[in-house]
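For the numbers below, each heavy atom of this structure counts, side chains included, while hydrogens, waters and symmetry mates do not. Positions are given from 1, in the same order as the sequence printed here.
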Amino acid sequence: MLSTGTKAPSFSLINHEGETVHVRPGETGLPLALLFYPESGSMGCTRQACQFRDAIAGKEEFKAEKITIIGISPDSVKKQEQFWQKQNLNFPILSDGKREAANAYNVGTGMLGLVSYARTTFIIDKRGVVRDSLEATMNYGAHAIFIDKWAKLLQKEDEKA
C-alpha cells in the first residue's frame with residue numbers, strides 16, 4: 001500500500017454509467033476516500049457499500065461538499081451498473097478490471113490470494129496526500145468507521161486553518 005505522506009496518484013477509470021472518470025487527488029480541494037473492494041454484489045461488499053450509502057445520506061461529514069467517496073472494484077462496468085442500481089448507491093463506483101488503480105495504490109489480493117482485491121480504503125487530504133489507509137478484507141464494517149474518524153479529523157484541521 002502507499003505510505004502515509006505520499007502524494008496520491010491520479011488515474012482514469014470507467015464508472016457504473018460507462019463514463020470515464022478522472023480521479024486527480026487534491027484537484028477539487030476536498031478530501032477523497034477511495035474504497036477498493038473485491039466484488040460487487042458479494043455479501044461483504046454489499047454491506048460495505050450500503051454502509052457508505054447510508055452514511056452519505058445521514059451524516060454531515062459524509063456529504064458531497066465535505067468529502068468525495070469513490071468505490072473501485074475489478075468488476076465489469078455492466079456488473080457495476082447492476083450493483084449500483086440494485087443497492088441504490090449515491091456515490092460512484094469504478095471498474096478496474098486491468099488493476100490500473102489497484103496497482104497505482106499497491107492494493108494486493110485478499111484472503112491469501114482468493115480474492116482479487118484486498119478490501120482497502122485510503123483517505124487522501126485536500127492537497128492530494130495519503131493520510132492513512134486501512135486493509136481489512138474480512139471486516140467490511142471497519143471501513144465506514146475509519147472514514148468517519150478521518151473525515152471529522154480533516155474537517156477540524158480545515159476549521160483551524
Side-chain angles (χ1 to χ4, degrees), residues 1-17 19-40 44-45 48-75 80 84 89-110 115-161:
M1 281 191 292
L2 289 181
S3 300
T4 299
T6 303
K7 180 75 173 151
S10 296
F11 58 89
S12 297
L13 295 173
I14 307 298
N15 71 5
H16 59 277
E17 296 177 316
E19 300 168 342
T20 300
V21 174
H22 304 286
V23 179
R24 297 180 183 104
E27 184 177 74
T28 66
L30 291 175
L32 171 64
L34 296 178
L35 320 171
F36 289 88
Y37 62 95
E39 183 182 1
S40 290
C45 295
Q48 178 187 17
C50 291
Q51 285 177 340
F52 276 95
R53 176 201 63 206
D54 296 347
I56 291 167
K59 292 186 171 191
E60 188 62 31
E61 60 271 10
F62 279 78
K63 299 291 182 196
E65 61 272 5
K66 302 275 186 170
I67 189 169
T68 301
I69 297 172
I70 300 173
I72 305 168
S73 82
D75 296 302
Q80 298 291 50
W84 193 85
L89 298 180
N90 51 7
F91 60 96
I93 55 176
L94 309 180
S95 176
D96 189 24
K98 295 180 183 175
R99 292 189 55 89
E100 295 168 46
N103 289 339
Y105 281 79
N106 296 322
V107 174
T109 58
V115 295
S116 55
Y117 272 19
R119 188 181 316 278
T120 308
T121 297
F122 291 89
I123 185 72
I124 300 163
D125 68 21
K126 68 181 184 177
R127 295 178 318 279
V129 175
V130 175
R131 294 294 294 270
D132 203 355
S133 60
L134 172 68
E135 181 181 322
T137 300
M138 296 302 293
N139 188 357
Y140 60 84
H143 297 265
I145 294 166
F146 173 76
I147 293 302
D148 186 46
K149 176 192 89 165
W150 269 103
K152 288 175 182 172
L153 179 65
L154 292 173
Q155 288 169 26
K156 284 181 184 174
E157 286 179 10
D158 278 351
E159 290 168 6
K160 291 180 183 178

Distance check, rounded to the nearest 0.5 Å: [X] atom [atom1] versus [Y] atom [atom2]?
X	Y	atom1	atom2	value
Leu154	Ile123	CG	CD1	5.5 Å
Gln51	Ile56	CD	CD1	12.0 Å
Asp158	Leu153	CG	CG	10.0 Å
Glu100	Ser12	CD	OG	8.5 Å
Thr6	Asn106	OG1	CG	9.0 Å
Ile14	Thr20	CD1	OG1	3.5 Å

Any donor-acceptor pair under 3.5 Å linking the side chain of [X] with the backbone of [Y]?
X	Y	value
His143	Ala136	yes
Ser95	Asp75	yes
Lys149	Ala144	no
Gln155	Glu61	yes
Trp150	Ile124	no

Looking at every non-hydrogen atom in both residues, tell me the closest pair between [X] and [Y] and how far apart they are.
X	Y	result
Ala104	Pro9	O-CG, 3.5 Å
Phe91	Arg53	CE2-N, 3.9 Å
Pro92	His16	CA-CE1, 3.8 Å

Does the side chain of Trp84 come within less than 4.5 Å of Asn15's, by heavy atoms?
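Sidechains of Trp84 and Asn15: no contact.
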I'd like to know whether Gln80 forms a side chain to side chain contact (heavy atoms under 4.5 Å, CB included) with Leu13, so could you lay out the CA-CA distance, the side-chain angles of the two residues, the decisive distance to 0.1 Å, and finally the verdict.
CA-CA 12 Å; Gln80 298 291 50; Leu13 295 173; over 6 Å; no
Side chain to side chain contact (heavy atoms under 4.5 Å, CB included) between Lys152 and Glu60, worked out
CA-CA 10 Å; Lys152 288 175 182 172; Glu60 188 62 31; over 6 Å; no
Checking side-chain contact (heavy atoms from CB on, under 4.5 Å) against Lys59, which of Ile147, Asp148, Asp54 comes through?
Asp148
Only one of Asn103, Ile72, Asp96 passes side-chain contact (heavy atoms from CB on, under 4.5 Å) with Phe11, and that residue is Ile72
Under 3.5 Å, sequence neighbours excluded: what are the donor-acceptor pairs made by side chains of residues 24-35?
unit_1 : atom_1 : unit_2 : atom_2 : d
Thr28  : OG1    : Leu30  : N      : 3.2

Worked check of side chain to side chain contact (heavy atoms under 4.5 Å, CB included) between Phe122 and Val107:
CA-CA 10 Å; Phe122 291 89; Val107 174; 3.8 Å; yes
Please check if the number of heavy atoms outside Arg99 that lie under 6.0 Å from its CZ is greater than 12.
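Yes, enclosed.
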Give the ring-plane orientation class for Tyr105 versus Phe36, where under 30° counts as parallel, over 60° as perpendicular and anything between as tilted.
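Correct class here is tilted.
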